[in-house]
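Residue numbers begin at 1 in each chain, while the letters A, B, ... track the order of the sequences. Both backbone and side-chain heavy atoms feed into the values below; hydrogens, waters and symmetry mates do not.
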Amino acid sequence: MPDPTIRVRLAPSPTGPLHIGTARTGLFNFLFARHVGGTFIVRLEDTDVARSTVEHERDIIEGLHWLGITWDEGPDVAGGGDVGPFAPYRQMQRLESYKVAADRLLAADRAYPCFCTPDELDADRKAQEAARQAPRYVGRCANLTEDERRARVGEGRRAAIRFRVRPGVIGWNDMVRDRIEIDTANLGGDFVIVRGDGIPLYHFTVVVDDATMEISHVIRGEDHVGNTPKHILLFEALGHPVPAFGHLPLILNPDRTKMSKRKTQTAVADYRAQGFLREGLMNYLAYLGWSPGTEEDVLSIDEVIERFDIDKVHKGGAVFDRERLEWLNGQWIRRLPAEELIDRLRPFLQAAVDDGRIERLPADDEIRALLPVIQERLPTLAAVVDLVGFLWTDDLGLDPALVVPKRWDAATTRVALAAAREILAGHDAVTWEADELEPALRALVEARGWKAGDLFMAIRVATTGRTATPPLFDTLVALGRDRTLARIDAAAEALASVGGAIAR
RNA sequence: GCCCCCAUCGUCUAGAGGCCUAGGACGCCACCCUUUCAAGGUGGAGAUCAGGGGUUCGAAUCCCCUUGGGGGCACCA
């Protein structure tokens with residue numbers, strides 16, 4: 001039941017890497033479109049030539065793809081071809097259409113050339129600030145005669161194009177915040193739609209494109225509420241039906257200000273690099289400002305699409321809570337099929353090889369064998385290196401003091417390690433299994449009157465360098481007989497060399 | 001300064017007049033499980049529904065005011 005009348009879009013500006021907020025706006029547009037079978041479009045707003053780069057463009061597109069947000073029309077791959085009936089979907093390749101629209105507005109006197117210099121505008125603003133007035137364009141060029149315009153052009157002055165803001169109240173029924181009305185007197189006066197260098201500005205391009213691409217619903221962040229009346233004015237002037245608008249609540253820093261790079265990690269790529277799953281991040285983002293109204297927490301993207309309803313989107317902003325994201329991410333890691341998890345873990349292990357944290361990339365079989373004990377212990381994919389990296393490097397950075405369990409002293413530990421080593425050495429490749437090793441060592445503990453936990457801890461630290469690891473015997477099996485014995489020997493030696501200096 | 005918006009546990013939220021002695025989740029605490037760490041299970045602390053007025057037999061839910069918070073006011077997007 002596709003609905004061809006529903007057309008929404010995400011219009012990111014490649015002036016920075018894909019931002020969590022942009023991803024969330026994209027996700028909601030995507031959910032809105034997919035829920036009703038509408039069309040979702042991505043359009044790159046790259047008219048800020050000074051700050052736009054292809055690297056950012058690539059980061060945005062790859063990030064959206066990674067998140068599983070798919071679009072029907074728009075740029076396919078960074079630098080690659082665009083798909084869709086309104087291609088191209090990059091504004092710098094659509095300059096002609098803005099020129100045509102601007103000329104129409106000029107001809108109808110809905111817009112006019114403005115020769116004010118940056119210095120003049122700056123002075124105006126400063127004066128208004130000093131007089132404690134709201135900044136607005138004073139209208140210096142609003143009523144120039146043809147002769148005056150010619151004279152300025154003759155002086156070699158460049159003209160920007162300003163749109164005439166008509167008096168009146170602009171109102172719309174916002175999809176999330178109900179009725180909003182704004183008096184055009186508060187819009188800051190006539191605004192620039194084309195810069196002096198001929199490059200059109202956001203307010204103009206967004207409307208021209210939304211009009212030509214037949215966008216039916218504009219769903220964007222709350223920070224755009226004040227722009228909407230300007231856009232409605234432009235739609236009217238262009239003689240195009242005004243789309244519906246919906247303004248999403250903002251994602252907030254812990255101090256409840258608008259989420260920013262300075263206070264919160266905002267780049268989607270960073271979350272990805274830290275081992276967050278697309279499923280986890282998407283699930284988390286969907287619940288920021290929206291809820292299905294049930295007590296479900298863990299939902300796949302398809303389940304969210306099924307339940308999504310823009311009427312249930314909140315009006316108030318939501319603080320980004322990384323701890324909750326991590327919990328949700330863990331939920332998704334635990335749900336991943338074995339082979340899928342191995343595939344996703346591999347790049348993180350490779351990265352650890354590349355920067356020397358581990359010495360080699362483990363084979364899939366090794367990882368697969370470990371899955372039963374690590375899958376429930378991973379908050380993120382990247383955590384795998386911390387958790388079991390000791391298996392693939394001999395540089396444990398062992399602290400001898402840590403080898404001695406709390407209730408023991410160094411001498412006892414040395415004796416225990418030696419006894420345990422002898423038992424372990426008695427096993428061969430065939431009996432080097434968790435259910436063979438454990439009973440043997442428990443028998444030793446029994447015979448000596450020790451606590452199992454103490455012996456196990458001494459062996460754990462001796463062989464891994466850490467006090468927190470997956471279950472000991474599974475760990476020793478993964479380590480292998482030879483390396484286990486060698487590490488116990490090395491630890492015993494380290495203990496002996498510090499001797500009685502360890503006062504534990 | 002002006003305009004607009006928002007307001008339920010620390011956080012994300014359920015709640016559309018009686019089902020609310022306000023439910024769930026994260027986080028926190030305790031216990032269980034247990035060789036460590038997790039995961040899982042059970043239980044607990046945690047919100048006089050920002051405050052004050054109304055409306056109503058009855059309000060977290062409707063109205064008004066106050067307070068608090070946020071967003072926006074470019075030849076950026």
Side-chain angles (χ1 to χ4, degrees), chain A residues 11-16 45-48 50-52 114 116-118 121-122 125 128-129 131-137 158-162 174 177 180-183 185-189 191-197 199-203 205-206 221-229 247 249-250 252 254-258 284 287-298 314-328 330 334 373-379 387 405 438 441-442 445 451-457 459-461 464 466-473 475:
Chain A
S13 178
T15 52
E45 312 230 318
D46 53 358
T47 54
D48 185 348
R51 295 191 299 149
S52 295
C114 172
C116 295
T117 64
L121 262 14
D122 218 48
R125 205 167 300 125
Q128 287 159 343
E129 202 173 309
R132 313 198 64 127
Q133 288 173 332
R136 74 181 349 258
Y137 177 58
R158 295 194 317 184
I161 300 175
R162 275 185 196 274
D174 198 274
R177 4 186 49 89
I180 299 180
E181 293 186 345
I182 294 176
D183 193 315
N186 298 310
L187 261 28
F191 57 90
V192 175
I193 56 175
V194 179
R195 307 200 309 194
D197 63 6
I199 294 180
L201 249 26
Y202 165 73
H203 291 305
T205 59
V206 74
E222 185 192 340
D223 45 351
H224 282 287
V225 170
N227 294 331
T228 298
H247 292 88
L250 261 21
L252 275 21
D255 63 6
R256 307 203 72 90
T257 54
K258 182 163 85 163
Y284 179 71
Y287 272 79
L288 234 33
W290 174 83
S291 146
T294 62
E295 287 185 350
E296 302 163 299
D297 291 303
V298 186
H314 302 163
K315 297 184 171 87
V319 173
F320 190 89
D321 180 3
R322 190 184 169 104
E323 298 208 76
R324 195 178 160 83
L325 202 212
E326 287 190 9
W327 170 77
L328 211 40
R334 269 158 247 141
V373 293
I374 65 172
Q375 188 157 16
E376 67 200 30
R377 274 165 244 268
L378 292 172
L387 188 61
E438 180 168 355
L441 288 182
R442 283 194 185 276
V445 161
K451 293 249 184 212
D454 291 334
L455 205 226
F456 295 174
M457 183 53 85
I459 299 174
R460 168 177 295 112
V461 177
T464 69
R466 334 194 32 138
T467 54
T469 69
L472 181 62
F473 300 100
T475 302

Would you indicate which nucleotide in [options] comes nearest to any side-chain atom of [X]?
X         : options                   : answer
Glu376(A) : rC26(B), rU11(B), rA39(B) : rA39(B)
Asn186(A) : rC26(B), rA77(B), rC3(B)  : rC3(B)
Asp223(A) : rU13(B), rG1(B), rG72(B)  : rG72(B)

Verify the contact: side-chain N or O of [X] to OP1 or OP2 of [N], cut-off strictly under 4.0 Å; return yes or no.
X         : N       : answer
His203(A) : rC76(B) : no
His314(A) : rU13(B) : yes
Arg334(A) : rG40(B) : yes
Arg466(A) : rC37(B) : no
Thr47(A)  : rA77(B) : yes
Lys315(A) : rG70(B) : no
Arg322(A) : rC12(B) : no

In whole angstrom, give me the gap between the [atom1] atoms of [N] and [M].
N       : M       : atom1 : value
rC75(B) : rU13(B) : C1'   : 43 Å
rA47(B) : rA60(B) : C1'   : 11 Å
rU34(B) : rU48(B) : P     : 41 Å
rG24(B) : rG41(B) : P     : 15 Å
rC37(B) : rC28(B) : P     : 15 Å

So which nucleotide does [N] pair with, by the Watson-Crick or G-U wobble rule with both distances under 3.5 Å?
N       : result
rC37(B) : none
rG1(B)  : rC73(B)
rA60(B) : none

Mind checking [X] for me? I need base, sugar-phosphate or nothing, with any heavy atom below 4.0 Å counting as a touch.
X         : answer
Pro118(A) : nothing
Leu472(A) : base
Gly330(A) : nothing
Thr15(A)  : nothing
Arg460(A) : base
Gly316(A) : sugar-phosphate
Pro379(A) : nothing
Arg132(A) : sugar-phosphate
Leu378(A) : nothing
Asn227(A) : base

Next item on the list: Starting at CZ of Arg460(A), measure out to CZ of Arg466(A) and round the result to the nearest 0.5 Å.
Entry: 11.5 Å
Item checked: Quiz item: Arg377(A) side-chain donor-acceptor pair to rC37(B) base, under 3.5 Å -> yes
Checklist line | Closest non-hydrogen atom pair, Val225(A) against Ile182(A) | finding: O-CD1, 4.1 Å
